[in-house]
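Some notes on the structure that comes next.
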Amino acid sequence: MKKVRVLEIGPGNFRKSGLSIIVWSWYKKLDLNKFQVDFLSHHSPEQEDINYIISHGGGYIYCGSKNPVVKSVKKFFLSRKTAKREKYDCIHIHSSHSYGALFHYIAVRRYSRNIIIHSHSSSFNTSNPFKCALNAVCRKLLGKCHITRMACSDLAAQWMFPRQILIPQNYIKINNGIETSKFIFNMGERQKARSELHIENKFVIGHVGAFIYQKNHSFLIDVFYETYQKNHEAVLLLIGGGMLERKIKEKVHNLALDDSVIFYGPTQDVSRMYQAMDCFIFPSSFEGLGIVTIEAQAAGLKTLCSSTIPKEAQISDLLEYMPLSDSVEKWADKILTFNNGYIRRDMSQKIKDAGYDIETSAKQLEQIYLQLSTNNNRSIG
C-alpha cells in the first residue's frame, strides 16, 4: 500500500511548547504504516526525536537562524524547494496568525493540491499596529485561497479566517488531544512529587506555560502576591521557560517572594507536576484553546482561567472563568476557596467523552489526510 505523504510546517521547539507538543502527540499516534510524515521547522529537536522520525520513514528539514529575517527567508525557500521536490499528498501548515499562514501557503501552493491551514491561536500582542494591520489583510486573503481550514476552537477560526468564510461553518474543528491516562490523579505520585519539591504542607498553586506576553505572568505574580498576603503557606509552582523569565524573576524578587515561587523550568514530564498542585491558574491574555486547562482538569484540579479562554476548554465543573478586569483581590479570594479541600476525581472518561483524548483527535486527523489524498476538490470542510 502506498503511503500518504504529509509535510508538517510550523511546529517547532519539539515537545517543549504547546503547539509542538500537540503536533508531536498526533504524529506519535498516527498509523505510520499508512503515512510518511516530514517536518519543516526553524527549531532543532532532540536527536532522539529526529531518529524516531527517520526510523519511521520521515524526514526533518531545519531552517533556523539567529537572524529573524534570514530565518524567514530561509524557511520560505526551503518550504518551496521541499514541496516542489517531494510532491506531498497533503501539506499541513500550523500557525498562530494569518500572515504566517499566508507566507507558507504562497511558498508551497504550486506544488500540492491539498493544503491545510490550521489556526492554533485567537490573538497576539496587539501593541504592534503594523502586525495588526498585516494580520487583518492576510486574514481576508486567506478567504480567497483554495485550502482546507482547520482550527482548535471557534475563536481560533475567527482569528485566522474572514467571517464570511466561516458562515456557514466552513472549517474543521479538531480538538487538541492529550494522553489522558498520563494525567489521572495518583496519590502516590502526588506525595512523591511534593516531597521532591519540599512542599509537603503547602497550598500549591500551579501554572504551566512559556514565559511570553500571551501567558500574562506579570498579572499572575500580582495575584499570587495578594494570595500570599492572606495565606503564607501558599506556593506558586511555575512550569516552563521563555524570554520573559528573567523579568518575572526580578518581579518575584522585588516582591520578596523568592522562597514562595518555584521556577521549575520546562519538562517533558509535566503530568507529574499536576499531581503536586492543589489548583491550577491560567490568566492568559488569549489562547487558541489552552490545552493545559484540559490537562489540569484531567488531573482532577480545580482550574481558574481568564474569560478570554475559549468556551471549548470548559469540559467539566472543575474549570471556572474570571475576567482579567476583576481585581487581583477577587482572583486571590477565589483561589483561596480551593484550599478548603476537595476530592481529586478520575476524569479520564470525561476527557474521552468530550473528544480530547489524543487517540480520538489523531484518528480524526488521519481521516482528513486520507480523504484529502483521494479528493480532487483540493479542500474539505
Side-chain angles (χ1 to χ4, degrees), residues 13 16-21 96-97 120-128 197 199 202-231 234-268 270 273-274 276-296 299 301-310 313 319-336 338:
N13 208 13
K16 294 179 182 177
S17 64
L19 170 55
S20 66
I21 290 171
S96 297
H97 41 71
H120 290 272
S121 188
S122 61
S123 189
F124 55 29
N125 186 343
T126 56
S127 62
N128 187 322
L197 294 169
I199 53 174
K202 299 293 186 178
F203 171 46
V204 183
I205 301 162
H207 179 273
V208 177
F211 286 84
I212 55 178
Y213 165 84
Q214 171 185 347
K215 303 302 179 182
N216 206 10
H217 280 87
S218 184
F219 179 80
L220 176 60
I221 298 302
D222 289 338
V223 169
F224 178 70
Y225 177 79
E226 186 66 28
T227 306
Y228 181 77
Q229 300 310 305
K230 299 180 179 185
N231 182 349
V235 170
L236 180 61
L237 175 59
L238 300 175
I239 312 298
M243 64 180 73
L244 297 180
E245 184 173 356
R246 179 179 295 181
K247 183 178 180 180
I248 297 302
K249 284 183 174 179
E250 288 176 0
K251 180 166 185 171
V252 166
H253 178 72
N254 292 336
L255 292 172
L257 292 172
D258 301 81
D259 294 334
S260 299
V261 178
I262 300 171
F263 289 86
Y264 190 83
T267 176
Q268 293 182 13
V270 69
M273 293 300 101
Y274 287 112
M277 299 173 189
D278 292 306
C279 63
F280 186 79
I281 312 302
F282 199 58
S284 290
S285 300
F286 55 87
E287 291 287 341
L289 173 72
I291 190 64
V292 293
T293 62
I294 306 296
E295 294 174 348
L301 281 169
K302 291 283 190 179
T303 301
L304 180 64
C305 66
S306 53
S307 53
T308 60
I309 307 302
L319 186 143
E320 298 181 53
Y321 292 97
M322 183 169 282
L324 289 173
S325 57
D326 277 0
S327 67
V328 293
E329 291 81 8
K330 283 188 176 180
W331 276 75
D333 288 341
K334 183 61 183 180
I335 290 167
L336 288 168
F338 301 147

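The first residue of the sequence shown is numbered 1, and numbering continues consecutively from there.
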(Q) Within this structure, what is the CG-CG distance for the pair Leu220 and Leu236, rounded to the nearest 0.5 Å? (A) 5.0 Å
Q | Whether over 12 other heavy atoms sit under 6.0 Å from Tyr225 OH | A | no
**Q.** salt_bridge(Asp326, Lys334) N-O dist < 4.0 Å
**A.** no
Q: Kindly give the heavy-atom pair with the smallest separation between Ala276 and Leu197, and that separation in Å.
A: CB-CD1, 4.4 Å
**Q.** Closest non-hydrogen atom pair between Pro266 and Gly241, with its separation
**A.** CG-N, 3.9 Å
Q | Under the ring pair (Phe, Tyr, Trp, His ring centres under 6.0 Å) test, residues paired with Phe338 that sit two or more places apart | A | none
Q. What heavy-atom pair brings Ile239 and Gly265 nearest, and what distance separates the two atoms?
A. CG2-O, 3.6 Å
Q | Side chain to side chain, Tyr321 and Ile309, heavy atoms closer than 4.5 Å | A | yes
Which donor-acceptor pairs under 3.5 Å do the side chains of residues 279-288 make with protein atoms, sequence neighbours left out?
| residue | atom | partner | partner atom | Å |
| --- | --- | --- | --- | --- |
| Ser284 | OG | Glu287 | OE2 | 2.8 |
| Glu287 | OE1 | Gln214 | NE2 | 3.1 |
| Glu287 | OE1 | Lys215 | NZ | 3.3 |
| Glu287 | OE2 | Gln214 | NE2 | 3.1 |
| Glu287 | OE2 | Lys215 | NZ | 2.6 |

Q.
Using side chain to side chain contact (heavy atoms under 4.5 Å, CB included), reason through Glu245 and His217 one step at a time and then give a plain yes or no.
A. CA-CA 9 Å; Glu245 184 173 356; His217 280 87; over 6 Å; no
Q. Are any of the side-chain heavy atoms of Phe124 and Ser96 separated by less than 4.5 Å?
A. no
Q: Kindly indicate, with the supporting measurements, whether the criterion side chain to side chain contact (heavy atoms under 4.5 Å, CB included) is fulfilled by Ile335 and Phe203.
A: CA-CA 10 Å; Ile335 290 167; Phe203 171 46; 4.0 Å; yes
(Q) Take a 6.0 Å sphere around NZ of Lys230 and say whether it holds more than 12 heavy atoms from other residues, nucleotides or ligands. (A) yes
Q: Output the distance between atom CD1 (Ile291) and atom CD1 (Ile21), rounded to the nearest 0.5 Å.
A: 9.5 Å
Q. Rounded to the nearest 0.5 Å, what separation is found between the CG atom of Leu319 and the SG atom of Cys305?
A. 4.0 Å
Give the table of side-chain donor-acceptor pairs shorter than 3.5 Å for residues 254-264, with sequence neighbours excluded, one pair per line with atom names and distance.
| residue | atom | partner | partner atom | Å |
| --- | --- | --- | --- | --- |
| Asn254 | ND2 | Glu250 | O | 3.2 |
| Asp258 | OD1 | His253 | ND1 | 3.3 |
| Asp258 | OD2 | His253 | ND1 | 3.2 |

(Q) So, taking the atom named NE2 in His97 and the one named CG in Asn125, what distance separates them when rounded to the nearest 0.5 Å? (A) 12.0 Å
Q. If you measure from CD on Glu329 to CD on Gln229, what distance do you get to the nearest 0.5 Å?
A. 11.0 Å
Q: Compare every heavy atom of Val328 with every heavy atom of Glu226, then report the nearest pair and how far apart it is.
A: CG-O, 4.1 Å
Q: Compare every heavy atom of Ala313 with every heavy atom of Ile294, then report the nearest pair and how far apart it is.
A: CD1-O, 3.7 Å
(Q) Quick check: do Val208 and Met277 have side-chain heavy atoms less than 4.5 Å from each other? (A) yes
Q. Any donor-acceptor pair under 3.5 Å linking the side chain of Thr303 with the backbone of Leu301?
A. yes
Q. Any side-chain heavy-atom pair from Ser307 and Met322 closer than 4.5 angstrom?
A. no
Q | Separation of Ile205 CD1 from Leu237 CG (nearest 0.5 Å) | A | 10.5 Å
Q) Minimum heavy-atom separation for Val235 to Phe224, with atom names? A) C-CE1, 3.7 Å
